[in-house]
Amino acid sequence: MNPPRTDARRHHDPEVRGFASDNYAGAHPEVMAALALANGGHQVAYGEDDYTENLQSVVRGHFGPTAEAFPVFNGTGANVVALQAVTDRWGAVICAESAHINVDEGGAPERMGGLKLLTVPTPDGKLTPELIDRQAYGWEDEHRAMPQVVSITQSTELGTLYTPDEIRAICEHAHAHGMKVHLDGSRIANAAASLDVPMRTFTNAVGVDILSLGGTKNGALFGEAVVVINQDAVSHMKHLRKLSMQLASKMRFVSVQLEALLAKDLWLRNARHANEMAQRLAEGVRAAHGVEILHPVQANGVFARLPHDVSERLQKRFRFYFWDESAGVVRWMCSFDTTEEDVDAFVAALKEEMAR
């Protein structure tokens, strides 16, 4: 029998590399192998499959015996579902002004989740109890949305990290005011790798109630999960996930990817490598006169300021984004498949453009 005909062909050059986003990277080969393993026979739909069931024990190994994972399609979906689960209709969420839920989710938490975001400017993307207090008031004022949740990001949108003690202080402060704590963990693996601690050290061990667990930026093809740590803090998660259009019918293909990352150490290997490449990149660009690194390089991102014309010329050679174009600030991201050669070629191109 002749093999089935296919018209599929590659439409991109796999040798082209960039530093725009860790979302640009493909899926890790071990994740692709896991997907192929799950792709045989029939499995019950909508999360009643063997892979989603096994994922629960894997997640509990990382986040404690009360943890329960709810796989979803993407990070915005994870955040919207998680925040809805810990707020009432009149509730509000305190977050950093730079938070992804405020800046990069198209208004989804507010428009789709019906939430009010109460933002706080921060110098480094991190909240503190003192900064939280700028918005933590007015619980009995019917004219103001009620602060019910504090949302933090680890690692932050500026590439910085909270220490476990800093998150503990936030959780204690929030809980003392009757608020819950949500952690946006789209790059939680990079944070754990940089801090050299298990993920539980700065989540369930310090009081986080619910988190968005990232997979895509760490080598998955697609898929994240909402992880409920404090079962008393949420209600009707299954209904919220469906209502928010985040219930995958073939959920095994999300769950098996997270299992492949988390069951052993793939998540950590990928994150450590991406972080190491960011350190190599930062060291290289520091040697280029006229380039200023703006924040500590603690995860897999480098934020820098350089002449606007240099950035525009460099963008023709490597993809990356302006973070604040008016201020000449750019962001360079490394991923699990960034190589030393990629970094060195970029640094060399940067120095060439700076010298023009």
Side-chain angles (χ1 to χ4, degrees), residues 20-23 72-138 144-162 166-167 170-171 173-174 177 179-188 190-191 208-214 216-217 224 226 240 244 246 294-295 298-299 301 303 321-327 329-331 333:
S21 172
D22 32 12
N23 288 326
V72 295
F73 289 113
N74 53 46
T76 296
N79 287 335
V80 171
V81 171
L83 292 173
Q84 286 183 94
V86 287
T87 53
D88 295 311
R89 288 187 63 193
W90 51 87
V93 177
I94 299 173
C95 64
E97 193 173 65
S98 57
H100 198 272
I101 58 174
N102 182 51
V103 176
D104 287 307
E105 295 189 347
E110 296 184 317
R111 293 178 62 86
M112 304 303 293
L115 304 165
K116 173 64 177 175
L117 299 181
L118 304 174
T119 63
V120 183
T122 69
D124 54 4
K126 294 165 57 176
L127 289 177
T128 65
E130 294 74 22
L131 290 173
I132 290 168
D133 281 345
R134 295 186 182 182
Q135 292 283 13
Y137 64 90
R144 188 172 195 265
M146 182 186 292
Q148 292 186 320
V149 181
V150 174
S151 180
I152 61 176
T153 310
Q154 179 79 321
S155 57
T156 75
E157 289 76 11
L158 300 181
T160 54
L161 297 179
Y162 290 93
E166 287 172 331
I167 296 181
I170 287 171
C171 291
H173 192 70
H177 286 292
M179 297 186 292
K180 305 297 189 296
V181 177
H182 163 256
L183 186 144
D184 181 345
S186 64
R187 296 187 177 95
I188 191 173
N190 300 93
V208 170
D209 296 291
I210 192 168
L211 64 92
S212 302
L213 176 64
T216 308
K217 293 177 172 64
E224 326 280 303
V226 176
L240 282 171
S244 302
Q246 288 292 318
L294 299 178
H295 303 291
Q298 297 178 323
F303 291 77
Y321 293 115
F322 281 100
W323 185 257
D324 182 348
E325 188 167 4
S326 63
V329 177
V330 298
R331 185 191 75 165
M333 298 299 300

Practice prompt. Under the side chain to side chain contact (heavy atoms under 4.5 Å, CB included) rule, what do M146 and D88 come out as? Steps first, then yes or no, please.
Written response: CA-CA 9 Å; M146 182 186 292; D88 295 311; 5.6 Å; no

Of the non-hydrogen atoms in [X] and [Y], which two are nearest, and what is the gap between them?
X    : Y    : value
T122 : L127 : CG2-CD2, 4.1 Å
F303 : G159 : CE1-N, 3.8 Å
Y162 : K126 : OH-CA, 3.3 Å
E97  : T119 : CA-CB, 3.9 Å
A145 : L118 : O-CD1, 4.5 Å
L117 : C95  : CB-SG, 4.5 Å

Practice prompt. Scan side-chain atoms only and decide if T128 and E166 contain a donor-acceptor pair under the 3.5 Å cut-off.
Written response: no

Indicate yes or no for a side-chain donor-acceptor contact from [X] to the backbone of [Y] under 3.5 Å, with no hydrogens or angles considered.
X    : Y    : answer
Q246 : A78  : no
R331 : A20  : yes
S155 : A299 : no
R111 : G106 : no

Discussion item. Assess the residue pair L115 and Q148 against the criterion (side chain to side chain contact (heavy atoms under 4.5 Å, CB included)); give the C-alpha distance rounded to whole Å, side-chain angles, the decisive distance to 0.1 Å, and a yes or no.
Written reply: CA-CA 10 Å; L115 304 165; Q148 292 186 320; over 6 Å; no

Would you give the length of the straight line joining atom [atom1] of [X] to atom [atom2] of [Y], rounded to the nearest 0.5 angstrom?
X    : Y    : atom1 : atom2 : value
L211 : S151 : CG    : OG    : 10.5 Å
E157 : S98  : CD    : OG    : 5.5 Å
H295 : L158 : NE2   : CG    : 4.5 Å

Flag the pair [X] / [Y] as yes when at least one side-chain heavy-atom distance between them is below 4.5 Å, and no otherwise.
X    : Y    : answer
Q154 : I167 : yes
V150 : H173 : no
W323 : L294 : no
V93  : T87  : yes
T156 : Q298 : no
I132 : M179 : yes
S244 : Q84  : yes
H182 : S212 : yes

Worksheet item: How far apart are the C-alpha atoms of N79 and E224, what are their side-chain angles, what is the distance that settles it, and do they pass the side chain to side chain contact (heavy atoms under 4.5 Å, CB included) test?
Response: CA-CA 10 Å; N79 287 335; E224 326 280 303; over 6 Å; no

Practice prompt. Walk me through it: do M333 and N23 pass the test side chain to side chain contact (heavy atoms under 4.5 Å, CB included)?
Written response: CA-CA 9 Å; M333 298 299 300; N23 288 326; over 6 Å; no

Worksheet entry | Member of L213, I210, I188, D209 meeting the side chain to side chain contact (heavy atoms under 4.5 Å, CB included) criterion with L183 | I188

